[in-house]
Amino acid sequence: MACDYIELANKGVQGLQPYQPGKPVEELERELGISNIVKLASNENPLGPSPKALAAIRNQMPELTRYPDGNAFRLKQAIADKLNVAIDQITLGNGSNDVLELIARSYLTAHSASMYSQHAFAVYPIVTQAIGAQHIAVPAVNWGHDLDAMAEAITDKTRVIFVANPNNPTGTWLSENAVRTFLDKVPERIIVVLDEAYTEYVDQPDFPNGISLLSDYPNLVVTRTFSKAYGLAGLRIGYSVSHPQVADILNRIRQPFNANLLAQEAAIAALSDDEYLVKSVQVNAEGMAYLEAEFNRMGLDYIPSVGNFISVDVGQPAGSVDDALLQEGVIVRPVAPYQMPNHLRVSIGTMEENQRFIAALERVLTISGTENEQGE
C-alpha cells in the first residue's frame, strides 16, 4: 500500500484511542460459552424501559418507513414543559455525547483549549482532540473536581470547560454554592458545560439544578440524557439546555435526524412516567446502600457516589480482578484509563444482580489473596 491513511488523518485523531464501552453480554457469551450473565458495566437502568415508553415504541412501529421530525418539535415541547424552559433553548443529540461533540465543534479550534477534571468522563478529551484543540486536565481533589484550581487554570485560549456533576466514573458531586462560585469566576466568553447525566439519582439538599442556573449564567450549557434514569440507553437520546444563541449555534451543525423516531416517542412517554422514575431512583438507592455495606464488611475502600454506580478499590490492579469476574459471568468496568488502576466501577443493578456481583467478588478476592500469600 503506497498511501498511509493514518498519516493522512487529522493529527488530533491520529493520537486518539477508540472509546472502550462496557463489554456486551453477547461478546462474553461467545468468548466463554457461559449464560446467565450479569452486566454491571455501563450504568444502565436495571429495570428496563418504562412501560409507557415501550407502548409508545410499539405504536410507532408501522411508521418506521418515514423519517422522524427533524426538528423533534413534540419532544422539545415535552422537555420545555417539564423543565420550564423555552423550546429555542434545547438542542437534541444522539445521546448527550452527541451534544458534547456539537459544543466542541462549535466553540473549539486548533488555536483554543478545553478544560476538565482529572478522572472525568473520557469523551471530553476525545471531542477536543478530534478537532485538534488543546485540552487541559486539572488534578482532582478527593477524586472530584477542584474548581478553585480549574478557575486558576483558565487562560486566553480556554473556550470550553466541562464539569460533570455527578462525575463519572467517581460519583463525586459539587454543591450549588461551589458551582455558582466557580461560574462567577469564569469569563462569559468561555462556555461551561454542566454535564448532568445522572442528576435524577441525586438526593442531596445542596445539589444544584443546572437548569435553574441558566438565567444567571448565559455561558452555561446543561446536558442531560434519557440513557440512565429513564432507561433508554439503547435508543441514544439526550439533549442540552442553554442560552438561545448557544442553542442556535449548536443546531446549525446538528444533523437533522440525529434523534430517531422511536427515540423521540419513547422519550416523550418516559418523561410522563413519574412512577417509573421514582421506582428507578428507589431501586438505585437500595442497591447503593447494599453495596456500600458489603464493601465495608469486606474492608474495601470505595468512593461515595450519588450516581447509579460506585467505584471500589480492590487493593490490586483491577484488570486481573475484572478478568476473574468475567469468568464468573459478571461484567463490571475497570477504570485504569481514568488513572484509577485499582478501581472497578460497578453499576447498581437489581438486588439479585448486586448480590451475584458481591458473591463473585468475594470468591475472586479470596482466590487472589490466597495466591498472593503462596507467592510470598
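Keep in mind that this is a model prediction, so the values were computed, not measured.
Each of F309 and L291 belongs to its own hydrophobic cluster when Ile, Leu, Val, Met, Phe, Trp and Tyr are linked at side-chain heavy-atom distances under 4.5 angstrom. A single hydrophobic cluster is seen to contain both I136 and V192, as judged by linkage of ILVMFWY side chains at heavy-atom distances under 4.5 Å, directly or through other members. Residue V193 is not grouped with residue F182 when hydrophobic side chains (ILVMFWY) are merged at heavy-atom distances under 4.5 angstrom, including chains of intermediate members. I87 and L83 fall into different hydrophobic clusters, defined by Ile, Leu, Val, Met, Phe, Trp and Tyr side-chain heavy atoms under 4.5 Å apart, directly or through other members. One hydrophobic cluster holds both V221 and L108 under the rule that ILVMFWY side chains link at heavy-atom gaps under 4.5 Å.
Here ring pair (Phe, Tyr, Trp, His ring centres under 6.0 Å) pairs that include residues 315-367, with residues two or more places apart or in two chains, are W143-H343. Counting only residues at least two apart or in different chains, ring pair (Phe, Tyr, Trp, His ring centres under 6.0 Å) contacts with residues 250-290 comprise Y67-F257. Each side chain to side chain donor-acceptor pair (under 3.5 Å) pair with one or both residues in residues 234-246, not counting sequence neighbours, appears once here: S227-R236.
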Residues I79, L271; criterion side chain to side chain contact (heavy atoms under 4.5 Å, CB included); working and verdict: CA-CA 8 Å; I79 294 171; L271 276 177; 3.9 Å; yes
Side chain to side chain contact (heavy atoms under 4.5 Å, CB included) between E176 and V179, intermediate numbers included: CA-CA 5 Å; E176 178 169 352; V179 172; 5.8 Å; no
Side chain to side chain contact (heavy atoms under 4.5 Å, CB included) between M61 and L262, intermediate numbers included: CA-CA 8 Å; M61 295 295 282; L262 298 184; 4.2 Å; yes
Check against side-chain hydrogen bond (donor to acceptor under 3.5 Å, both in side chains), Y124 and H135: CA-CA 9 Å; Y124 307 152; H135 52 99; over 6 Å; no
Chi angles and distances behind the side chain to side chain contact (heavy atoms under 4.5 Å, CB included) call for L326, I331: CA-CA 6 Å; L326 292 176; I331 307 174; 3.9 Å; yes
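With hydrogens and angles ignored, the 3.5 Å screen pairs a side-chain donor or acceptor of D69 with a backbone N or O of F73. The closest donor-acceptor contact from the side chain of N260 to the backbone of P68 lies at 3.5 Å or more, if one exists at all. The main-chain N or O of A41 is found under 3.5 Å from a side-chain atom of R345 such that the two form a donor-acceptor pair. Remark: the backbone N or O of E44 is not paired with any side-chain donor or acceptor of S42 at under 3.5 angstrom. Between the Q339 side chain and the H119 main chain, no donor and acceptor come within less than 3.5 Å of each other. With D322 contributing its side chain and A318 its backbone, the two residues share no donor-acceptor pair below 3.5 Å. The backbone N or O of P139 lies less than 3.5 Å from no partner atom in the side chain of Q118, so there is not a single donor-acceptor pair.
Using a 4.5 Å heavy-atom cutoff, the side chains of N308 and N45 are not in contact. Taking the side chain as every heavy atom from C-beta outward, N165 and L194 approach each other to under 4.5 Å. The closest side-chain heavy-atom distance from E353 to P46 is below 4.5 Å. Counting heavy atoms from C-beta outward, V160 and I103 have side chains that approach closer than 4.5 Å. Side-chain contact check for Y198 versus T225: every heavy-atom pair is 4.5 Å or farther apart. For the pair L361/L300, a side-chain contact is recorded, criterion being any heavy-atom separation below 4.5 Å from C-beta on. Between P334 and L344 there is a side-chain heavy-atom pair separated by less than 4.5 Å. Annotation: side chain of Y302 is in contact with side chain of E292 (closest heavy-atom distance under 4.5 Å).
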With a 3.5 Å cut-off and sequence neighbours excluded, list the donor-acceptor pairs that the side chains of residues 210-220 form with protein atoms.
unit_1 : atom_1 : unit_2 : atom_2 : d
S212   : OG     : N209   : O      : 2.6
D216   : OD2    : R180   : NH1    : 3.1
D216   : OD2    : R180   : NH2    : 3.4
Y217   : OH     : D184   : OD1    : 2.8
N219   : ND2    : P187   : O      : 3.4
N219   : ND2    : I190   : O      : 2.9

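Taken from CE in M115 to CD1 in I161, the straight-line distance is 4.5 Å, to the nearest 0.5 Å. In this structure, CD1 in I57 is found 12.5 Å from CD in Q264, a value given to the nearest 0.5 Å. To the nearest 0.5 Å, atoms OH (Y116) and CE (M150) are separated by 10.0 Å.
Hydrophobic cluster membership of V306, counting Ile, Leu, Val, Met, Phe, Trp and Tyr whose side-chain heavy atoms lie under 4.5 Å apart directly or via other members: W173, V202, F207.
The shortest non-hydrogen separation linking T223 to S96 is CB-CB, 4.4 Å. The two residues N354 and G349 make their nearest non-hydrogen contact at OD1-N, 2.8 Å. The nearest pair of heavy atoms linking M351 to E286 is CE-O, 3.9 Å. The two residues R159 and S112 make their nearest non-hydrogen contact at CG-CB, 3.5 Å. L147 approaches A178 most closely through the heavy-atom pair CD1-O, 3.5 Å. Contact record, A86 with A80: C-CB, 4.3 Å, taken as the closest heavy-atom pair.
If you check the side chains of N97 and E101, you find no donor sitting under 3.5 Å from an acceptor.
Under a cut-off of 6.0 angstrom, the local environment of CD in Q255 is sparse, with at most 12 non-hydrogen atoms contributed by other residues, nucleotides or ligands. Within a 6.0 Å sphere centred on CG of N142, heavy atoms belonging to other residues, nucleotides or ligands number 12 at most.
The pair K82-D274 meets the salt-bridge criterion, with a side-chain N (NZ, NE, NH1 or NH2) lying under 4.0 Å from an Asp/Glu carboxylate O. Using a cut-off of 4.0 Å between Lys/Arg side-chain N and Asp/Glu carboxylate O, R297 and E362 are scored as salt-bridged. Salt bridge E152/K185: absent, no basic N to carboxylate O contact under 4.0 Å.
Applying the salt bridge (charged side-chain N to carboxylate O under 4.0 Å, His left out) test between E265 and each of R74, R58, K52 identifies R74 as the sole match.
Considering only residues two or more places apart in sequence or on other chains, R189 meets the salt bridge (charged side-chain N to carboxylate O under 4.0 Å, His left out) condition with none of them.
Ring planes of F226 and Y230: tilted class, angle from 30 to 60°.
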